[in-house]
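Accompanying notes for the structure given below.
Sequence lines set the chain letters: A, B, ... in the order given, protein chains first and strands last, and positions in each chain run from 1. Heavy-atom basis, side chains included; hydrogens, waters and symmetry copies ignored.
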Amino acid sequence: MNENLFASFAAPSMMGLPIVVLIVMFPSILFPTPSRLINNRLISIQQWLIQLTSKQMLAIHNQKGRTWALMLMSLILFIGSTNLLGLLPHSFTPTTQLSMNLGMAIPLWAGTVVTGFRYKTKASLAHFLPQGTPLPLIPILVVIETISLFIQPMALAVRLTANITAGHLLIHLIGGATLALINISATTAFITFIILILLTILEFAVALIQAYVFTLLVSLYLHDNT
Amino acid sequence: SDGAPGPGHWDADAAAGGLVDLAVPGGAFSGRRAPCLKNPVLGPGVLQAIRIFHTRQPSLAPIPCVPEYGGKVCLGLIPKEFFQFLYPKTGVRGPYVLGTGLILYSLSKEIYVITAETFSAISTIGLLIYVVKKYGASIGEFADKLSEQKIAQLEEVKQASIQQIQDAIDTEKSQQALVQKRHYLFDVQRNNIAMALELTYRERLHRVYREVKNRLDYHISVQNMMRRKEQEHMINWVEKHVVQSISAQQEKETIAKCIAGLKLLAKKAPSQPVL
């Protein structure tokens, strides 16, 4: 049972070949390229959603920050679609792997920090010391701010991994509970099944929210540094 | 013959010439024109890289139409063609029996094991089906509305442009109609000018008349004056001489006569009433 619980998070391989690359590339098929002026319903809705999200997300940025528009939009689309696809039964979610999330978070965060240090060195260094700190606290505070800066990518990656993994685990466990309770008492199993349905609704929301949060935080780090 | 072709014209001669150059191995491409090709390792790669692609005009129209409705499906997954395919051999209920049989077979032989995942699958798929059934049509309508808005916007632009051109045509037509009626304006102007000329002519005529009359009046008045002067002078002369000719005695006689006459009159006067 223990092995079965974590089996869904193992990197999938078919006959010894790692197909995780194919699984990571799969969501891109679901976003067709608009080739005409008036497209089918799927593309129209996706276009509208992307317009809505990008307008809202890039409103706070200046000209320099808006060069990141493609990056941020691809990020939110990828994380959102991967999370949502992971809710289907017997599917593998790449974002449950810490390796992949670190691979997304560290380069993006490092990009924002390096951009800040290159173009606005003084302002970026000034972030290490909040305004209005009393004089004796300054050395400690600089250390604390440095630690908090370096924790940002870790937090981004671990937040996403933990949320999605925890959700999947919960669904698995409660499903298992329902399965075990069916032979014991059908009513309890039914209640547990209701809980499972509510949890699924939550997981759908969490999938989208986590994508949003990830991208929003990257955008905030960008805003600080441009 | 023009040396370089105009913009947008594909120069067939240059392309053919270029291809011919490429065909000769290192022939025309000596070190002077393409030193990169002399490298024996990378030369062929560069040769392929500079090969001219897309030598024909791209055909962009007419593009095939997007079908208005998707293919018909049963249970949201299986296309109706499958049912048609099985119909001759198994009738209407064939595919359903096949499906049920496959599911029961996989369950009983534990090809599909009921695990915790089964329940999560039931809940997820159930939720999805519920959402699609309830909100599917409205989301479809929303997508159609988005497309309609886009088309309406462009249609508006087109209509505005057509309206503009129509207004221009109408304005032009009215201008042309006005041109037809321009002769009234010209007639009026011509009449005005004629009247003004007439007026000026009459005025000048009148002025001439007045000037001439002035001069003639002058001459007349000069004449009159002369005559009067002469008359006065004559009268004065005559008077003077008459007065001179009257001797003192004649004067006394005359005065006595006058007095006698007056006395006579004075005697007659009181008999007449005073008026």
Report summary line: Pair count under 4.5 Å, heavy atoms only, with chain A: among B/Gly140, B/Ala121, B/Ser120, highest is B/Gly140

Query raised in the report: Given that the side chain runs from C-beta out, which part of A/Leu37 has a heavy atom under 4.5 Å from chain B: side chain, backbone, both or neither?
Result: both

Report task. Check whether A/Glu203 gets within reach of chain B through its side chain, its backbone, both or neither, counting any heavy atom under 4.5 Å. Result -> neither

Report task. List for me each residue that meets side-chain hydrogen bond (donor to acceptor under 3.5 Å, both in side chains) alongside A/Thr95, sequence neighbours excluded, and say none if there are none. Result -> A/Asn83

Query raised in the report: Is there a side-chain contact between B/Phe82 and B/Leu98 (heavy atoms, below 4.5 Å)?
Result: yes

Report summary line: All heavy atoms of A/Leu156 vs all of A/Phe214, minimum pair found to be O-CE1, 3.8 Å

Report task. Could you check which of B/Ile139, B/Thr124, B/Ile151 has the highest count of heavy-atom pairs closer than 4.5 Å to chain A? Result -> B/Thr124

All N/O donor-acceptor pairs, side-chain side in residues 175-187 of chain A, below 3.5 Å, sequence neighbours left out:
| residue | atom | partner | partner atom | Å |
| --- | --- | --- | --- | --- |
| A/Thr178 | OG1 | A/Ile174 | O | 2.7 |
| A/Ser185 | OG | A/Thr188 | N | 3.3 |
| A/Ser185 | OG | A/Thr188 | OG1 | 2.5 |

Query raised in the report: By a 4.5 Å heavy-atom criterion (distance strictly below it), what part of B/Ile125 contacts chain A: side chain, backbone, both, or neither?
Result: side chain

Query - Toward chain A, the part of B/Ile114 with a non-hydrogen atom under 4.5 Å - result: both

Query raised in the report: So which of B/Gly126, B/Ala143, B/Ser123 has the largest heavy-atom pair count under 4.5 angstrom toward chain A?
Result: B/Ser123

Query - N-O pairing of B/Glu148 and B/Lys145 below 4.0 Å - result: no

Report task. Using a cut-off of 6.0 Å, state whether more than 12 heavy atoms not belonging to B/Gln189 lie near its atom CD. Result -> yes

Report summary line: Max heavy-atom pairs within cutoff under 4.5 Å with chain B, candidates A/Asn39, A/Ile197, A/Leu196, goes to A/Leu196

